[in-house]
Structures are given as C-alpha cells and as structure tokens.
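Below you'll find the structure, written out as structure tokens, and then a few comments.
What you see is a predicted model, and the numbers here were worked out from it, not measured in a lab. Sequence lines set the chain letters: A, B, ... in the order given, protein chains first and strands last, and positions in each chain run from 1.
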Amino acid sequence: MKPNENHHRIWTLVALIPPGKVVSYGQLADLAGLPGRARLAGRALKLASPSQNLPWHRVLNSQGKISLQKGSDAYQRQVKRLQEEGIVVIGGKVKLADFQWQPSLGELLTLPF
DNA sequence: GTCGTGACATGCG
DNA sequence: ACGCATGCCACGA
C-alpha cells in the first residue's frame with residue numbers, strides 16, 4: 001500500500017472520534033477538507049493496518065448504517081465494539097441524532113493540518 | 001486507455 | 001422504504 005496525504009488526514013480524524021460517538025464517511029471527508037470524497041474515507045479505512053489501532057468501528061454511512069457486508073466477521077465485530085461503548089445498534093443501524101460526533105471549534109483548531 | 005467496482009452521498013420516482 | 005441514476009475517483013484487470 002502507498003498511503004498518501006489524504007489517507008493520513010482521514011486516519012488522523014478517525015483517531016480523534018471520542019468513544020461512544022460516531023461519524024459518517026462523508027463527514028470525515030468534509031473535515032479532511034475533501035468535500036464529495038466520502039468514498040476516499042472508506043478506502044482509507046480499508047487500507048489502514050490493524051497496528052494503527054484506529055477506532056474504525058465508529059464510522060458509519062450517512063444513514064447511520066454499517067457499510068460492511070451484513071453478517072460478515074467484520075460486520076459483527078463492528079456491532080460488538082459499538083455496543084461495548086454504549087452505542088445502541090438496531091438492525092445494523094445507529095441513530096445519528098443521538099450518537100453522531102460534532103467536533104467543537106476548539107477541536108477543529110487542533111487538527112494537524 | 002477503458003471498464004467495472006467499491007467500508008459513499010444525494011436526489012428523484 | 002426502495003431502487004436507480006449521477007457524482008466522486010482510485011484501483012486493478
């Protein structure tokens with residue numbers, strides 16, 4: 001794999017998501033200064049190595065649903081991890097109104113880019 | 001170069 | 001709610 005600057009930005013942001021909160025792929029792209037590049041966020045997560053210890057399970061699609069193949073190992077791991085943080089998952093879906101992360105201005109100012 | 005595909009998003013029927 | 005089209009663009013065949 002050949003990670004580029006965009007991947008790094010996505011990874012950095014994911015690492016900042018607080019436990020018990022979630023974000024959408026599109027939101028990550030926006031925060032990274034890459035509007036319209038939601039797919040890039042998904043790709044960055046796919047490319048991430050486990051050694052990075054990223055809380056990738058806190059990333060859902062714009063509907064609050066898990067974007068992994070339903071029933072797959074990864075899918076079930078994501079559900080489990082979310083629930084362990086107190087996030088309510090029903091039918092592979094999370095109520096964004098209750099759990100979506102809204103970074104404060106202060107947090108945004110500390111971004112390394 | 002072309003084409004299909006994909007951890008996406010949004011709008012329209 | 002659901003499918004379909006479109007926009008997005010990096011990858012691999």
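Atom CH2 of W56(A) sits about 6.0 Å away from atom CG of L68(A), to the nearest 0.5 Å. Taking CG of N61(A) as the start and CD1 of I66(A) as the end, the distance is 9.5 Å to the nearest 0.5 Å.
Taking atom CG on L96(A) and atom C1' on dA9(B), their separation rounds to 13 Å, with Å as the unit. Note: CD (E5(A)) to P (dA10(C)) measures 15 Å, nearest angstrom. Computed from coordinates, the Y25(A) OH to dG7(C) C1' distance equals 19 Å when rounded to whole Å. For the pair L47(A) CG and dT5(B) P, the interatomic distance rounds to 20 Å; values are reported in whole Å. To the nearest angstrom, P of dA10(C) lies 17 Å from CG of L45(A). As a whole-Å value, the separation of N61(A) CG from dG6(B) C1' is 14 Å. Computed from coordinates, the R39(A) CZ to dG7(C) P distance equals 14 Å when rounded to whole Å. Atom C1' of nucleotide dC8(C) and atom CG of D30(A) are separated by 13 Å, given to the nearest angstrom.
Proximity note for W56(A) (side chain, C-beta onward) versus dA7(B), dG6(B), dA9(B): the nearest is dA7(B).
For R43(A), a side-chain nitrogen or oxygen approaches OP1 or OP2 of dC11(C) to under 4.0 Å. Not one side-chain nitrogen or oxygen of S62(A) sits closer than 4.0 Å to the OP1 or OP2 atom of dC8(B). Within the 4.0 Å cut-off from OP1 or OP2 of dG7(C), not a single side-chain nitrogen or oxygen of R37(A) is found.
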- Query: Given Q52(A) and W11(A), is the side chain to side chain contact (heavy atoms under 4.5 Å, CB included) satisfied, shown in steps?
  - Reply: CA-CA 9 Å; Q52(A) 294 179 64; W11(A) 293 336; 3.4 Å; yes
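Taking the P atoms as reference points, dA7(B) lies 22 Å from dT6(C), given to the whole Å.
Around CD of Q102(A), the count of heavy atoms belonging to other residues, nucleotides or ligands within 6.0 Å exceeds 12.
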